[in-house]
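Just below is one structure, and these are the notes that go with it.
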Amino acid sequence: MMHALLNWLQLKESIDQEKSEAVIALLTLLYQADGKIRLEEQDMFDQILESLPWQNNHQSKEVFHRDMIRQSLNALQENQLADYIAGITPALKSDPQVLAMLRELAVTDGEFAPKEAEILSLVVQNMV
């Protein structure tokens with residue numbers, strides 16, 4: 001699993017601010033989907049978060065991430081996943097590396113929850 005992550009991290013020079021924000025938003029949504037986060041999943045998320053380029057002088061990555069925690073929890077609780085994801089995916093520019101990274105995070109905890117599957121399906125639908 002970490003191999004795919006490391007390959008993605010090597011390609012990070014092609015990531016702009018909008019894409020960094022989209023990746024953080026989707027990863028946050030994905031790790032919250034099953035209602036639990038294991039140490040491996042948290043470590044992987046932390047590595048990705050640390051590696052993402054950040055050019056926003058008005059808001060730190062950490063503050064942005066905290067905001068995404070709130071927004072993604074709202075999307076999950078209100079069952080608004082399709083709308084939430086539709087607003088994020090255009091920034092991904094149909095990047096297959098991002099999709100592979102999302103899949104890796106989804107299975108890092110040893111389970112592939114139905115809500116995680118739904119999220120990945122919505123991402124794929126919106127990326128096409």
Side-chain angles (χ1 to χ4, degrees):
M1 282 188 256
M2 290 304 285
H3 180 68
L5 168 64
L6 294 174
N7 284 339
W8 183 79
L9 294 177
Q10 292 172 358
L11 300 174
K12 69 181 180 180
E13 63 274 355
S14 65
I15 299 175
D16 59 16
Q17 181 65 27
E18 186 180 24
K19 194 171 194 178
S20 286
E21 291 176 8
V23 168
I24 292 169
L26 284 174
L27 289 175
T28 303
L29 177 67
L30 198 57
Y31 82 65
Q32 291 179 320
D34 62 3
K36 58 187 173 210
I37 184 165
R38 293 200 175 146
L39 185 58
E40 298 86 5
E41 198 172 18
Q42 183 66 53
D43 288 344
M44 186 175 183
F45 176 83
D46 290 343
Q47 287 179 352
I48 295 168
L49 185 65
E50 182 179 318
S51 74
L52 286 169
W54 196 257
Q55 295 91 30
N56 185 335
N57 295 325
H58 304 290
Q59 185 179 41
S60 70
K61 243 192 279 192
E62 293 74 20
V63 170
F64 180 81
H65 176 235
R66 282 194 301 269
D67 190 38
M68 292 303 98
I69 290 171
R70 182 186 51 77
Q71 289 183 32
S72 61
L73 280 175
N74 285 342
L76 286 162
Q77 291 170 350
E78 301 293 325
N79 201 24
Q80 297 293 319
L81 291 176
D83 291 338
Y84 184 74
I85 290 169
I88 297 169
T89 52
L92 301 177
K93 301 170 181 76
S94 298
D95 186 337
Q97 294 291 344
V98 171
L99 190 55
M101 180 200 41
L102 292 171
R103 286 185 183 130
E104 289 292 324
L105 184 67
V107 298
T108 298
D109 63 2
E111 297 176 26
F112 190 52
K115 197 56 93 171
E116 291 171 322
E118 179 183 354
I119 290 167
L120 288 175
S121 177
L122 287 167
V123 170
V124 168
Q125 289 171 22
N126 282 283
M127 286 178 73
V128 196

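Remember, it's a predicted structure, so these values are computed and weren't measured experimentally.
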Which atom pair, heavy atoms only, marks the closest approach of [X] to [Y]?
X: Pro53; Y: Gln17; value: O-OE1, 4.3 Å
X: Leu105; Y: Tyr31; value: CD2-CB, 4.4 Å
X: Lys61; Y: Ile24; value: CG-CD1, 4.0 Å
X: Leu30; Y: Glu116; value: O-OE2, 3.8 Å

Original post:
Would a 4.5 Å heavy-atom cut-off, applied to side chains only, mark Leu92 and Leu26 as touching?
Top reply: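 SC-SC contact between Leu92 and Leu26 confirmed.
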Subject >> 4.5 Å side-chain heavy-atom contact, Val98 and Val123 >> reply: no
Original post:
If two hydrophobic side chains count as joined below 4.5 Å and joins carry through other members, does Val63 share a cluster with Leu73?
Top reply: no
Original post:
With the 4.5 Å side-chain cut-off for hydrophobic clustering, are Ile37 and Met101 part of the same group?
Top reply: yes
Original post:
Ignoring hydrogens and geometry, is there a side-chain-to-backbone donor-acceptor pair from Thr28 to Ile69 under 3.5 Å?
Top reply: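 No, because the side chain of Thr28 does not come within donor-acceptor range (under 3.5 Å) of the backbone of Ile69.
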Original post:
Does Thr108 offer a backbone N or O that forms a donor-acceptor pair with the side chain of Glu40 under 3.5 Å?
Top reply: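 Between the backbone of Thr108 and the side chain of Glu40 there is no qualifying donor-acceptor contact (under 3.5 Å).
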Subject >> Test: Lys19 and Asp16 ion pair at under 4.0 Å >> reply: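 Looking at Asp16 together with Lys19, the answer is no, because their closest N to O distance does not fall below 4.0 Å.
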**OP:** Examine the side chains of Ser121 and Gln125 and answer whether a donor and an acceptor come within less than 3.5 Å of each other.
**Re:**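 There is such a pair between these side chains.
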Subject >> Asp43 and Gln47 side chains, donor-acceptor separation under 3.5 Å >> reply: no
Original post:
Can you tell me how far OG of Ser72 sits from CD1 of Ile85, rounded to the nearest 0.5 angstrom?
Top reply: 10.5 Å
**OP:** Indicate the ring-plane relationship of Trp54 and Phe64, choosing parallel, tilted or perpendicular according to the 30° and 60° boundaries.
**Re:**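 Rings of Trp54 and Phe64: tilted, 30 to 60°.
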**OP:** Evaluate the side-chain contact (heavy atoms from CB on, under 4.5 Å) criterion for residues Leu102 and Ile119: first the C-alpha distance (whole Å), next the side-chain angles of each, then the deciding distance (0.1 Å), finally the verdict.
**Re:** CA-CA 10 Å; Leu102 292 171; Ile119 290 167; over 6 Å; no
